[in-house]
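Step one of this worksheet: look at the structure below.
Position 1 is the first residue of the sequence, and the numbers go up from there.
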Amino acid sequence: EAQTESTFAKAYGGSPFARASAIAPRRAMGNILSACCDDATTKMAFSEMKRRLEGTTKRVNASPEVHVTFDEVTLQEGGAITFNVEKFNLKGVHFKTTVKVEGDHEDFGRLAKRSVEQKAQQKIDQGGISGSVAAGATRLASGVSSAASGSKISSFASMVSDKAKAVTARTEHFSVECVVNLTKEFGCEEVAVEVREFNCDKAFVHKIMQVDVARQFIERAMSEKASEVATRKAK
């Protein structure tokens with residue numbers, strides 16, 4: 001039994017995940033492969049993760065500075081923890097976060113450019129525009145005009161450029177709520193994040209960046225912070 005607990009502790013970094021993992025095998029009559037958490041075990045592991053995440057902030061971008069603060073972490077009704085010797089799964093975690101974006105006009109311009117590039121790439125992937133037109137959109141987003149650019153992308157890039165210029169405040173805040181699944185595999189320090197629901201004030205976020213870019217920032221913050229917790233790096 002002690003050896004089993006030690007194995008799980010090594011697999012999950014001695015983290016709160018490991019504590020829950022070490023309990024279940026005793027309650028499953030030694031059958032680790034079919035072991036799963038009961039209600040008490042789920043609550044114990046989630047409570048520890050909640051304690052370590054709430055109120056913490058993760059920086060996910062340098063220019064402009066983008067910080068994600070975890071305001072509240074709850075487990076949805078029906079959410080649960082399951083695990084075996086290969087991986088640990090936490091499903092239905094509801095996050096309330098605050099995103100702070102801080103920088104000057106050039107910083108916000110770079111963020112707008114990134115949004116244009118990703119939007120153009122999405123259109124290419126969907127077969128909507130050619131690669132040469134997408135390249136023209138990127139040049140426009142950088143403040144370099146291109147007479148050869150397609151009218152559709154030119155219009156889009158100009159709109160985003162105007163939005164970037166309209167940002168006068170050095171700091172912007174917006175809230176994001178999402179429901180995710182977290183997975184940590186044996187021998188891997190990184191916690192994988194699967195976003196199931198993503199809700200924000202899209203009209204406001206669009207003034208700063210594309211919603212898809214905001215989603216990427218949130219996913220990165222969750223993955224890196226949860227990985228810190230799972231490996232006991234969090235203070």
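Judged as a side-chain hydrogen bond (donor to acceptor under 3.5 Å, both in side chains), and not counting sequence neighbours, Gln76 has no contacts. With sequence neighbours left out, Asn181 forms a side chain to side chain contact (heavy atoms under 4.5 Å, CB included) with Lys91, Glu194, Arg196. Residues forming a side chain to side chain contact (heavy atoms under 4.5 Å, CB included) with Glu77 (at least two apart in sequence, or on another chain): none. For Lys96, the salt bridge (charged side-chain N to carboxylate O under 4.0 Å, His left out) partners at least two apart in sequence or on another chain are Glu72. In this view, Thr97 satisfies the side-chain hydrogen bond (donor to acceptor under 3.5 Å, both in side chains) rule with no residue, not counting sequence neighbours.
Side-chain contact check for Met222 versus Cys178: some heavy-atom pair is nearer than 4.5 Å. Residues Val66 and Val99 have side chains in contact (heavy-atom distance under 4.5 Å, counting atoms from C-beta outward). Under the 4.5 Å side-chain criterion, counting only non-hydrogen atoms from C-beta, Phe95 is not in contact with Glu177. Counting only heavy atoms from C-beta outward, the side chains of Lys225 and Val191 never approach each other to under 4.5 Å. Put simply, the side chain of Thr183 does not reach to within 4.5 Å of the side chain of Leu90, judged on heavy atoms. A 4.5 Å side-chain heavy-atom check between Thr171 and Val101 finds every atom pair outside the cut-off.
Rounding to the nearest 0.5 Å gives a distance of 8.0 Å between OG of Ser227 and CD of Glu189. One distance of note links CG of Leu182 with CZ of Phe88; it measures 9.0 Å at 0.5 Å rounding. Atom CD of Gln210 and atom CZ of Arg215 lie 14.0 Å apart (nearest 0.5 Å). Distance check, rounded to the nearest 0.5 Å: CE of Met49 to CG of Leu75 gives 8.0 Å.
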Determine all donor-acceptor pairs shorter than 3.5 Å in which one atom belongs to a side chain in residues 57-64; sequence neighbours excluded.
unit_1 : atom_1 : unit_2 : atom_2 : d
Thr57  : OG1    : Thr69  : OG1    : 2.7
Lys58  : NZ     : Glu228 : OE2    : 2.6
Arg59  : NH1    : Glu65  : OE2    : 3.1
Asn61  : ND2    : Ser63  : O      : 3.4
Asn61  : ND2    : Pro64  : O      : 2.9
Ser63  : OG     : Asp107 : OD1    : 2.6
Ser63  : OG     : Arg110 : NE     : 3.1
Ser63  : OG     : Arg110 : NH2    : 2.8

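Under the 4.5 Å side-chain heavy-atom criterion for ILVMFWY residues, a single connected hydrophobic cluster contains both Val180 and Val211. Both Phe70 and Phe174 sit in one connected hydrophobic cluster of ILVMFWY residues. Membership requires side-chain heavy atoms under 4.5 Å apart, directly or through other members. Following chains of ILVMFWY side-chain contacts shorter than 4.5 Å, one cannot reach Val179 starting from Ile218, and the two form parts of different hydrophobic clusters.
Phe108 and Ile208 make their closest contact through CE2-CG2, 3.8 Å (heavy atoms, listed as atom of the first residue, atom of the second, distance). The shortest non-hydrogen separation linking Cys200 to Val205 is SG-CG2, 3.9 Å.
Counting only distance, with no hydrogens or angles, the side chain of Arg52 and the backbone of Ser47 share no donor-acceptor pair below 3.5 Å. Lys100 places no side-chain N or O within 3.5 Å of a backbone atom of His173 that could act as its donor or acceptor partner. With hydrogens and angles disregarded, no donor-acceptor distance shorter than 3.5 Å links the side chain of Ser223 to the backbone of Glu219. Side-chain atoms of Thr98 do not come within 3.5 Å of backbone N or O of Ser175 as any donor-acceptor pair.
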